[in-house]
Amino acid sequence: MLFDYNVVLGSLPLYFGGVLVTLKLLIIALAVGLLLAVPLAIMRVSRQKLVNFPAWLYTYVIRGTPMLVQLYLLYYGLAQFEAVRESFLWPYLSSATFCACLAFAINTSAYTAEILAGSLKATPPGEIEAAKAMGMSRGKLYSRILLPSALRRALPQYSNEVIMMLHTTSLASVVTLIDITGAAKTVSSQYYLPFEAYVTAGLFYLALTFILVRLFKQAERRWLAYLAPRKA
């Protein structure tokens, strides 16, 4: 038999459990990452060097180093310091789930910040002039005009970041978490059938990617309809 379906069918509960872990990591990382990315993006478009430079340095360092290195530093690296082990943060930093979520959130925040900064810079000048003519303060200008407009325009690029982050969550398996890839590792080591194990994992990732793509397409049709070409 070229492909052992019995092993795959018998392992489906493990894979479905891995899907839940993957979705948990993805949702937490995206939510925290987006919260961090908004102020970082605002800092990135600032003309003041003291404001712009720290955000630029943060995104440069995070985007310039591998995600796996960042995860290892958080989960394994910090544990070597006695001050960390004796601090109130140790119960969190000793948790694989917490470190994975934190590493993924930090990573996606840097990429998302650059995406939002690009969208902010692409804001039509007319929108800003109209807001200023209405007497809006800088805070209202960002909350009512710039950020909502930038978030809508960033949807196509952000959808790619979400999908990349979904695939990045597969690294959680290296810190003992049983996500989809972790489930595949377990099946492979138990039955010595790596082909069946990882093909099944790939199909689960493919299905999740398809769902995310469809959701973002629906979001783009709703919030970017004004940018679509006019029908003759």
Next item on the list: Show your working on side-chain contact (heavy atoms from CB on, under 4.5 Å) between D179 and K24 and close with a plain yes or no.
Entry: CA-CA 10 Å; D179 63 334; K24 176 183 176 181; over 6 Å; no

Item checked: Stepwise side-chain contact (heavy atoms from CB on, under 4.5 Å) check, R85 with L93 -> CA-CA 9 Å; R85 296 195 302 271; L93 294 175; over 6 Å; no

Next item on the list: Examine distances only and state if a side-chain atom of S46 and a backbone atom of M43 form a donor-acceptor pair shorter than 3.5 Å.
Entry: no

Check: After noting the C-alpha distance and the side-chain angles of I128 and I145, does the key distance pass the side-chain contact (heavy atoms from CB on, under 4.5 Å) rule?
Finding: CA-CA 8 Å; I128 301 175; I145 304 296; 5.8 Å; no

Note to self: Between R44 and L120, is the side-chain contact (heavy atoms from CB on, under 4.5 Å) condition met? List the steps.
What the structure shows: CA-CA 10 Å; R44 283 288 289 119; L120 286 170; over 6 Å; no

Checklist line | T112 versus E161, side-chain donor and acceptor atoms under 3.5 Å | finding: no

Margin query: Looking at E196 and D4, would you say the former's side chain and the latter's main chain have a donor-acceptor pair under 3.5 Å?
Written below: yes

Check: For L116 and A150, which heavy atoms make the closest approach, and how far apart are they?
Finding: O-CB, 4.4 Å

Notebook entry, point to check: Would you find a donor on one side and an acceptor on the other, under 3.5 Å apart, between the side chain of Q70 and the backbone of I62?
Noted result: yes

Item checked: Test item: side-chain donor near acceptor, Y205 and S170, under 3.5 Å -> no

Next item on the list: Specify whether F98 and Y92 have parallel, tilted or perpendicular ring planes, treating 30° as the upper limit for parallel and 60° as the lower limit for perpendicular.
Entry: tilted

Check: Any idea how Y60 and W56 line up, ring-wise: parallel (<30°), tilted (30 to 60°), or perpendicular (>60°)?
Finding: parallel

Notebook entry, point to check: Got a donor-acceptor contact below 3.5 angstrom from the S94 side chain to the W90 backbone?
Noted result: yes

Checklist line | Exercise: identify the closest heavy-atom pair between Y191 and V7 | finding: CD1-CG1, 3.7 Å

Check: Between the side chains of T123 and R153, does any donor sit under 3.5 Å from an acceptor?
Finding: yes

